[in-house]
Protein chains: 2
Amino acid sequence: MSRMRQRHLFTKTRKEAPKEETAKNAKLLIRGGFIHKEMAGAYAYLPLGYRVLQRICTVIRSEMDAIGGHELHLTALQDKRIWEKTGRWSDEVVDNWFKTTLAAGGEVGLATTHEEPLTNLMTEFIHSYKDLPVYVYQFQTKFRNEKRAKSGIMRGREFLMKDLYSFSRSDEEHNEFYERAKQAYHNIFERVGIGAHTFITSASGGSFSPYSHEFQTLTDAGEDTIYLDREKKIAVNDEIYSEEVLADLGLSKENLETVTAVEVGNIFSLGTKFSDAFDLTYVDEDNKKQPVIMGSYGIGPGRLMGAIVEVLGGENEMLWPKEVAPFDLHLLQMSDDDTTYAEAEKVYRALTDAGVEVLWDDRAASAGEKFADADLIGLPYRAVVGTKARDAGGIEFTDRTTDTVRIVSVEELVRLVAENA
Amino acid sequence: MSRMRQRHLFTKTRKEAPKEETAKNAKLLIRGGFIHKEMAGAYAYLPLGYRVLQRICTVIRSEMDAIGGHELHLTALQDKRIWEKTGRWSDEVVDNWFKTTLAAGGEVGLATTHEEPLTNLMTEFIHSYKDLPVYVYQFQTKFRNEKRAKSGIMRGREFLMKDLYSFSRSDEEHNEFYERAKQAYHNIFERVGIGAHTFITSASGGSFSPYSHEFQTLTDAGEDTIYLDREKKIAVNDEIYSEEVLADLGLSKENLETVTAVEVGNIFSLGTKFSDAFDLTYVDEDNKKQPVIMGSYGIGPGRLMGAIVEVLGGENEMLWPKEVAPFDLHLLQMSDDDTTYAEAEKVYRALTDAGVEVLWDDRAASAGEKFADADLIGLPYRAVVGTKARDAGGIEFTDRTTDTVRIVSVEELVRLVAENA
């Protein structure tokens with residue numbers, strides 16, 4: 001659905017957020033009618049919020065496809081036997097499992113991540129060097145039995161995750177893909193509007209690689225402390241912060257700022273940790289058996305949406321970046337008289353015919369309510385139709401991103417918005 | 001991704017299905033590389049299978065939008081307190097719950113359906129007659145702790161469900177929407193290719209309505225017995241089969257066939273059952289409080305995919321209907337020589353430029369293997385490029401739906417396929 005009359009939108013905005021919400025993202029998103037708190041750490045996405053989430057997924061999907069990713073969809077229910085192969089079934093190793101019991105007998109878990117089942121699956125398909133490399137990804141609901149959940153949609157017990165996994169023949173092939181994934185991640189954060197606030201951050205690498213990389217978005221709502229070289233646009237996570245690491249990364253202490261941030265993505269070289277556990281190997285050109293080199297690449301679209309709100313949201317308003325806004329333009333009809341209605345309808349048709357996604361506030365509400373609601377809903381473009389604008393010579397058009405206001409004709413409006421939508 | 005070189009598709013077909021699979025849909029889909037069995041009743045969707053599933057969802061979504069549905073997304077994790085309001089938290093009332101424990105304390109369930117949380121949510125937004133009607137739907141993973149799971153993707157412990165819920169002011173308004181939903185369901189089954197095999201079937205209605213309606217697809221793999229009047233195109237479920245019901249529905253025993261079928265959709269008048277439990281009411285034009293009238297409308301896209309395979313699949317082959325095929329056309333390149341490769345590439349480009357989704361079998365494999373694989377993958381159009389077709393004057397084009405084979409030029413091929421794709 002590429003357009004909507006607001007009288008058909010069942011959600012309403014709220015003047016106040018529920019008292020128990022402490023996170024800014026949850027407060028603003030609940031007030032705007034984007035999400036509904038089902039229980040601590042589990043939020044439903046209402047029509048406006050689901051549109052934003054889907055548009056974020058569309059951006060991520062296009063970047064994953066561009067680096068050769070193929071989309072699939074694994075299961076949430078997990079087989080104990082598969083996870084025992086790496087020892088990660090144990091609650092002492094992975095401390096946030098949800099586990100439950102099958103009526104038919106036996107325990108099952110709800111996936112916190114998918115390295116084990118995917119590596120196991122790949123043993124069926126990867127045998128020869130000709131079968132590699134393979135890059136697959138999914139958008140999948142993950143379940144994590146977190147003790148605390150107080151960051152709104154930035155840390156949930158149930159949340160959507162895009163996870164990509166790479167299967168390569170050699171470290172060289174892996175590293176080359178790792179760099180492409182890194183660039184794809186930069187593109188994603190740029191496109192969803194928080195590129196300038198998001199920095200690649202070296203973090204601990206595990207046994208197979210000196211570092212992994214996180215993408216950290218600066219916000220006081222974050223749970224991480226990082227040390228940022230703003231000029232070089234790179235940072236170090238406090239887990240690995242040391243003289244040695246700084247020297248290794250070519251950073252000097254005096255150029256670093258200590259900042260608070262939220263991790264919105266991470267990329268990780270897994271080496272042969274999982275392929276060894278599942279005996280995932282291939283036969284090379286010389287007929288020799290070799291282990292498959294793996295990597296994993298995660299982004300939580302819901303957390304990303306939360307981070308966008310933390311960075312770009314105000315006290316009583318939101319401003320969605322153009323690629324992820326639920327609609328492109330908010331059309332505010334200022335009164336109910338026939339002339340204004342006809343004008344609003346004409347604008348609505350002209351814009352939607354030109355491919356612009358429009359939310360038309362056709363409700364019987366006061367101008368004050370309409371502006372307050374439009375601020376909370378946060379679309380990047382706004383067009384006001386009514387007596388005042390008509391007296392001034394047309395439609396009052398605001399590009400909220402640049403905060404420019406102009407009086408324009410329908411034709412100008414279509415041209416200005418369709419160009420950028 | 002609208003096109004793919006088959007050498008990049010990591011899945012391979014299999015000559016044999018795993019021995020433990022008994023359902024035809026699971027056998028064929030595993031052999032074709034569409035799905036992977038994670039555990040009994042839980043299947044992963046591999047790239048080809050996920051494309052089919054998504055295309056089925058696209059058909060359903062367009063029909064739901066067309067009757068005024070707004071998409072949202074509720075949570076899988078469920079709050080015990082909400083379900084206790086209708087008594088459906090109890091395992092004696094709902095016998096297929098998965099329940100688990102929060103690390104922070106307390107029980108949670110995994111949603112088997114969503115009437116309770118959605119009705120509860122709506123109490124926040126529905127207050128006045130002006131707020132109604134509301135139609136919302138979602139595509140959501142449901143979890144059901146089934147004792148047995150042996151019908152492949154037709155009955156899972158974890159499966160995707162499209163569920164739409166209607167909230168209306170009166171029985172009249174409800175009934176009017178119910179009829180529109182019925183028509184939308186007919187459209188869906190027609191579009192996904194099993195309309196001729198699918199019949200609306202009266203079933204038990206609960207306390208608020210004499211009947212509910214199921215959509216039953218005829219197949220021996222079904223678990224239901226229905227009594228079908230083939231001429232009138234309506235059936236009766238065996239749960240309510242009686243002289244009285246037949247008379248009420250205007251059916252005569254002698255015109256009924258006893259057939260086996262699988263329920264691929266159902267629509268249900270809920271009356272005020274849930275709105276009473278959650279006190280979901282509205283104030284009418286006369287300032288009187290009235291209960292909201294509800295309905296629910298379900299289709300499992302995975303089950304539908306399984307039913308399509310049961311109906312249209314053969315022993316060693318599948319034929320996907322055009323609206324749900326993972327790609328429109330299978331391009332088979334019969335040899336590796338430069339001329340054939342160049343010709344295949346030319347065809348690939350011409351078709352994809354015209355908006356046709358093409359799977360190009362560019363692998364080094366025998367003609368026999370390629371045809372056997374193409375049969376299993378089951379795309380509706382096929383184009384063969386190689387010496388034999390070239391000698392005959394061009395490209396061998398097969399419309400598998402009508403089983404017609406012709407030798408055509410690239411331009412003719414594009415015209416023939418793009419017209420119908």
Side-chain angles (χ1 to χ4, degrees), chain A residues 1 4 7-12 33 36 38-47 49-51 53-54 65 68 70-79 82 95-96 98-104 108 110 117 121-122 124-126 130-131 134 136 138 141 143 145-149 157-158 167, chain B residues 1 4 7-12 33 36 38-47 49-51 53-54 65 68 70-79 82 95-96 98-104 108 110 117 121-122 124-126 130-131 134 136 138 141 143 145-149 157-158 167:
Chain A
M1 193 172 305
M4 195 188 282
R7 66 172 65 185
H8 294 154
L9 183 68
F10 75 84
T11 56
K12 275 108 196 150
H36 166 84
E38 192 57 36
M39 48 197 289
Y43 290 87
Y45 286 79
L46 304 179
Y50 196 61
R51 288 179 74 96
L53 189 69
Q54 290 306 105
D65 287 349
H70 287 184
E71 190 170 0
L72 46 63
H73 198 261
L74 303 178
T75 63
L77 292 176
Q78 292 296 312
D79 188 338
I82 286 176
D95 67 358
N96 56 5
F98 279 110
K99 291 175 183 169
T100 180
T101 309
L102 285 173
V108 284
L110 294 176
L121 188 161
M122 284 297 169
E124 203 177 301
F125 296 113
I126 296 174
K130 291 178 195 162
D131 300 327
V134 170
V136 295
Q138 62 175 346
T141 302
F143 296 89
N145 204 345
E146 306 279 2
K147 284 228 174 53
R148 276 170 297 280
R157 297 197 164 103
E158 170 182 351
F167 299 85
Chain B
M1 194 174 300
M4 196 189 281
R7 67 172 62 188
H8 294 153
L9 182 67
F10 75 85
T11 55
K12 276 108 196 150
H36 167 84
E38 193 58 35
M39 48 198 292
Y43 290 86
Y45 287 79
L46 304 179
Y50 196 61
R51 289 178 74 93
L53 190 69
Q54 289 306 106
D65 288 349
H70 287 184
E71 191 169 359
L72 46 63
H73 198 261
L74 303 179
T75 64
L77 292 176
Q78 292 296 313
D79 189 337
I82 287 177
D95 67 357
N96 56 6
F98 278 110
K99 291 175 182 169
T100 180
T101 309
L102 285 173
V108 283
L110 294 176
L121 189 160
M122 283 298 168
E124 201 176 303
F125 297 113
I126 295 175
K130 291 181 195 160
D131 301 328
V134 170
V136 295
Q138 61 174 347
T141 301
F143 296 89
N145 204 345
E146 305 279 1
K147 284 230 171 55
R148 276 170 298 279
R157 297 195 164 105
E158 168 183 352
F167 300 84

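Note on naming: letters A, B, ... go to the chains in the order of the sequence lines (proteins, then strands), and numbering restarts at 1 for each one.
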One should read off an interatomic distance between Leu110(B) CG and Phe98(A) CZ, to the nearest 0.5 angstrom, of 8.5 Å
Would you mind checking which part of Glu124(A) comes under 4.5 Å of any heavy atom in chain B, side chain (CB onward), backbone (N, CA, C, O), both or neither?
side chain
Give me the atom names and distance for the closest heavy-atom approach of Glu158(B) to Ala76(A).
OE2-N, 2.7 Å
For Ile82(B), which atoms come within 4.5 Å of any heavy atom of chain A: side chain, backbone, both, or neither?
side chain
Heavy-atom closest pair, residues Leu102(B) and Met39(A)
CD1-CE, 4.1 Å
With a 4.5 angstrom heavy-atom cut-off, is it the side chain or the backbone of Lys12(B) that approaches chain A, or both, or neither?
both
Can you tell me which of Asp95(A), Leu53(A), Thr101(A) forms the most heavy-atom pairs within a distance under 4.5 Å of chain B?
Thr101(A)
Under 4.5 Å from any heavy atom of chain A - which part of Tyr50(B)
side chain
Part of Phe143(B) lying under 4.5 Å from any heavy atom of chain A:
side chain
Given the options Leu74(B), Leu77(B), Val136(B), Thr11(B), which has more heavy-atom pairs under 4.5 Å with chain A than any of the others?
Leu77(B)
Side chain, backbone, both or neither: which part of Gln54(B) has a heavy atom under 4.5 Å from chain A?
neither
With only heavy atoms counted, which part of Arg157(B) is less than 4.5 Å from chain A, the side chain, the backbone, both or neither?
both
About how many Å separate CD of Glu71(B) and OH of Tyr45(A), when rounded to the nearest 0.5 Å?
14.0 Å
I'd like to know which of Leu121(A), Thr141(A), Ile126(A) tops the heavy-atom pair count under 4.5 Å against chain B.
Leu121(A)
Any idea which of Lys99(B), His36(B), Arg7(B) has the most non-hydrogen atom pairs under 4.5 angstrom with chain A?
His36(B)
Ignoring hydrogens and angles, tell me if any N or O in the side chain of Thr75(A) forms a donor-acceptor pair with the backbone of Ala44(B) under 3.5 Å.
no
Glu38(B) side chain to Pro117(A) backbone, donor-acceptor under 3.5 Å
no
To check you understand the geometry: which heavy-atom pair defines the closest contact between Thr100(A) and Thr100(B), and what is its length?
CB-CB, 4.2 Å
